[in-house]
Every structure is written in structure tokens, then in C-alpha cells.
Amino acid sequence: SNPTRQTDPVQRAEGAINSIIPSIACSWLDVVSLKQDAGELSVVLGGVAQDPSEAQAEVDSALRAAGLPNTNIDASTVAPIEPGGCAAINAYRQIRNADPPRLTTLQRIWHRDTIAEAGDYKGQRVAKTIVTFATGDPKADLTLIGIAPSGVIDPIFESRAKLDQIVASSLAAFGACKLKETNPTKQGPDQYRFKVDVNEDGWQGLMLITGKGPFPADIVRPPLGARGMDWQERFATTAAQRGWKADMLWFKVESQRGE
């Protein structure tokens, strides 16, 4: 009897996917869901890849090799990234957090179905996206950055001290009735919630890096064109010295449902 046939297909699929994911070039993939229904396996992939359909094909062949040829793979929530973003994605993947995700969102696709009442996009149709994050250690420093499909990387919160300062001033403004809600919000010693109104369709990437700060811009988020081998080595060395761990999350913003 074939021993691979005896283990639970969902566990077998998970093992096969997790073993192939780190070797798919220019990608950061995660399993959004994996379930078996009436003998059929369904996998939803999330994350980012230079070529989502190629990434899907590599996952498919890994599943076939594990004796799971009829898996239904949905890669529609895998964001595409330009080749210019690959060096950064490959460098970040080396410090990927292996524990349960610390940067999460309720859904991978958000719809622009709300009219913004205030702020930069007042009167425009926005998606009210919500992200939560934690470090797992209230003493660890953190930085949160945004990644665009073009490969451009921007700072959001440069350090925990900066983030806590913004949390405090938001709370004060809310207390003085200048704001309808606090944002970002601290929900525990190490738990944050961050809402962002997005006024255009497309993919948005976020990355949380934790460990010992500071997180210098030229190391954590160099501009396009400054991400050669020398940068990749500097990033890897600094990350190892400071115990950096990274979580990445991609979600998509679309127009209203049915538009």
C-alpha cells in the first residue's frame, strides 16, 4: 500500500504547498484557505508574484507530485508585481515570519462602496479597508511599509514610537470631538488596528517588520534602482543582526459590486 494515500489530503496538500512556496522566484505566497468538499480539494492562494499564473502552475505541479492531481487552485487574490519589485520581494522573503500571521485583514478584496465623509477623499467613493497587526512582543520595535505593484515602497509607520505617538494624537482628537473615530487604534499592549480609505482600484501591499530598530530607509525600503546585490547583502546582514522578522499582506480594491 502507498503510505502517502493514508494521510489526510488537506494536510498533505498543505505540506506540498508550504514546501514549494519558498522556491517560487519573485513571490510571497500564502494559503488563504484550503478545504476538502465532497472529495475535492480547493485552495485559495494570496500574496504576490511577478507571474501569478506561473506561481499557480508551480503549486499545481507540487500537488500533483504529492498525489493530489485534481486540486482546484484559485490564484485570483495573488497580486502581480513588476520585475522592478522582485529584488525587494526576494530579500524580504528570507526573513519571513514562520509563526501564525501577525498582519491580517478581514478580506482580500475590498469594494469602494462608501462615500467618504471627511479627509482627503471627501465625497469620493472609497473602500474602507481595515488591517490589524501585532509583533508578538510588546518590547520589539516595528515598522510598517506599503508596497505598490510597481515595486515602489513607501513608509507608513517608521517605528513603534512614531506609531504610538500617532495613536495618542488620534485619541486626543477623538476625545476633543474633532474626529468621529480613532485611527490608528491600539487595542492591547501589542495589538493595533489601522483603517485606510482607498479611492482607486488596484492592489495594495503592506509589510510589517519587527525586531530591533531602527529601520533605516536605505536598508528597509530603498528606491527602485538601489536594490542590487550589495543592497540585498546589507539587508540580509542587518536583518540577521537585529533579529528582523517580516509579514506581508496584499489585498485588492475594486469598484462597487456588480459595476
Side-chain angles (χ1 to χ4, degrees), residues 14-15 17-19 21-22 27-34 46-48 79 85 87-108 129-147 153-174 181-196 204-222 227 231-251:
E14 199 168 15
I17 297 168
N18 287 336
S19 64
I21 276 176
S27 75
W28 180 304
L29 299 177
D30 55 86
V31 177
V32 179
S33 72
L34 172 57
V48 65
I89 297 288
N90 289 335
Y92 297 152
R93 199 174 64 219
Q94 306 307 315
I95 60 163
R96 182 172 179 158
N97 165 37
D99 296 322
R102 305 171 303 170
L103 175 63
T104 57
T105 184
L106 296 171
Q107 54 212 58
R108 299 295 174 116
T129 68
I130 304 172
V131 172
T132 55
F133 58 96
T135 64
D137 172 6
K139 293 189 194 69
D141 204 350
L142 65 87
T143 188
L144 188 72
I145 60 180
I147 307 173
I153 303 169
D154 288 307
I156 299 174
F157 302 120
E158 293 188 12
S159 65
R160 192 191 289 267
K162 276 264 176 68
L163 169 61
D164 284 342
Q165 202 180 332
I166 298 167
V167 165
S169 59
S170 162
L171 196 58
F174 174 73
E181 57 180 4
T182 60
N183 183 43
T185 310
K186 200 163 184 173
Q187 297 182 297
D190 179 45
Q191 188 78 36
Y192 299 88
R193 192 180 65 196
F194 177 44
K195 299 179 177 181
V196 191
Q204 309 267 334
L206 294 171
M207 189 173 71
L208 172 73
I209 303 180
T210 63
K212 192 172 183 299
F215 301 94
D218 62 325
I219 293 178
V220 169
R221 46 181 179 83
R227 301 178 190 167
W231 167 71
Q232 293 170 49
E233 283 166 21
R234 263 199 4 259
F235 178 83
T237 307
T238 310
Q241 286 167 349
R242 298 186 186 173
W244 290 355
K245 288 272 171 280
D247 289 68
M248 195 182 290
L249 175 67
W250 286 80
F251 57 85

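Since the model is a prediction, treat every value here as computed from it, not as a measurement.
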Does Phe194 reach the side chain of Asn183, with side-chain heavy atoms less than 4.5 Å apart?
yes
To the closest 0.5 Å, what do you measure between CD1 (Ile156) and CG (Leu208)?
10.5 Å
If you round to the nearest 0.5 Å, how far is OG1 of Thr135 from CG of Asp141?
9.0 Å
Going from CG on Asp154 to CZ on Arg221, what distance comes out if it is rounded to the nearest 0.5 angstrom?
7.5 Å
Side chains of Phe133 and Asp247: does their closest heavy-atom pair fall under 4.5 Å?
no
Within the 4.5 Å heavy-atom criterion, are Thr238 and Phe215 side-chain neighbours or not?
no
Strictly distance-based, threshold 3.5 Å: is any side-chain N or O of Ser19 a donor or acceptor partner for the main-chain N or O of Gly15?
yes
Between Asp137 and Lys245, is there a salt bridge with N-O shorter than 4.0 Å?
no
Closest non-hydrogen contact found for Ala79 with Trp250 is CB-CE3, 3.5 Å
Side-chain (Trp244) to main-chain (Lys212) donor-acceptor, under 3.5 angstrom:
yes
Is there a side-chain contact (heavy atoms from CB on, under 4.5 Å) between Leu249 and Thr105 once you walk through the steps?
CA-CA 8 Å; Leu249 175 67; Thr105 184; 3.7 Å; yes
In this structure, which one of Asp30, Ile89, Leu206, Leu103 forms a side-chain contact (heavy atoms from CB on, under 4.5 Å) with Met248?
Ile89
Could you check if a side-chain atom of Ile130 sits within less than 4.5 angstrom of a side-chain atom of Arg193, using non-hydrogen atoms only?
yes
Between Arg234 and Asp218, is there a salt bridge with N-O shorter than 4.0 Å?
yes
Can you find a pair of side-chain heavy atoms, one from Lys139 and one from Arg160, that are under 4.5 Å apart?
no
Do Asp164 and Lys186 meet the salt-bridge criterion of a basic N to acidic O distance under 4.0 Å?
yes
Just so I know, are the side chains of Thr185 and Val167 near enough to count as touching, which here means a heavy-atom distance under 4.5 Å?
no
To the nearest 0.5 Å, how far apart are CD in Gln187 and OG1 in Thr182?
8.5 Å
For ring-ring contact (aromatic ring centres under 6.0 Å, His included), just list the numbers for Phe157 and Tyr192, CA-CA rounded to whole Å, side-chain angles, deciding distance to a tenth of an Å, and then say yes or no.
CA-CA 12 Å; Phe157 302 120; Tyr192 299 88; 8.0 Å; no
Could you go through Arg102 and Thr210, starting from their C-alpha distance and side-chain angles, then the distance that decides it, and tell me whether this counts as side-chain hydrogen bond (donor to acceptor under 3.5 Å, both in side chains)?
CA-CA 10 Å; Arg102 305 171 303 170; Thr210 63; 2.9 Å; yes
Within this structure, what is the CG-CD distance for the pair Leu163 and Glu158, rounded to the nearest 0.5 Å?
11.5 Å
Quick one: CZ on Phe235 to CZ on Arg227, what's the gap to the nearest 0.5 Å?
11.0 Å
To check you understand the geometry: which heavy-atom pair defines the closest contact between Pro189 and Pro138, and what is its length?
O-CB, 4.3 Å
Close side-chain approach of Lys162 and Thr143, heavy atoms under 4.5 Å:
no
Taking side chain as C-beta onward, heavy atoms only, is Met207 less than 4.5 Å from Ile147?
yes
I'd like to know if the side chain of Tyr92 reaches the main chain of Ala87, judged simply by a donor and an acceptor atom lying under 3.5 Å from each other, with no hydrogens or angles considered.
no
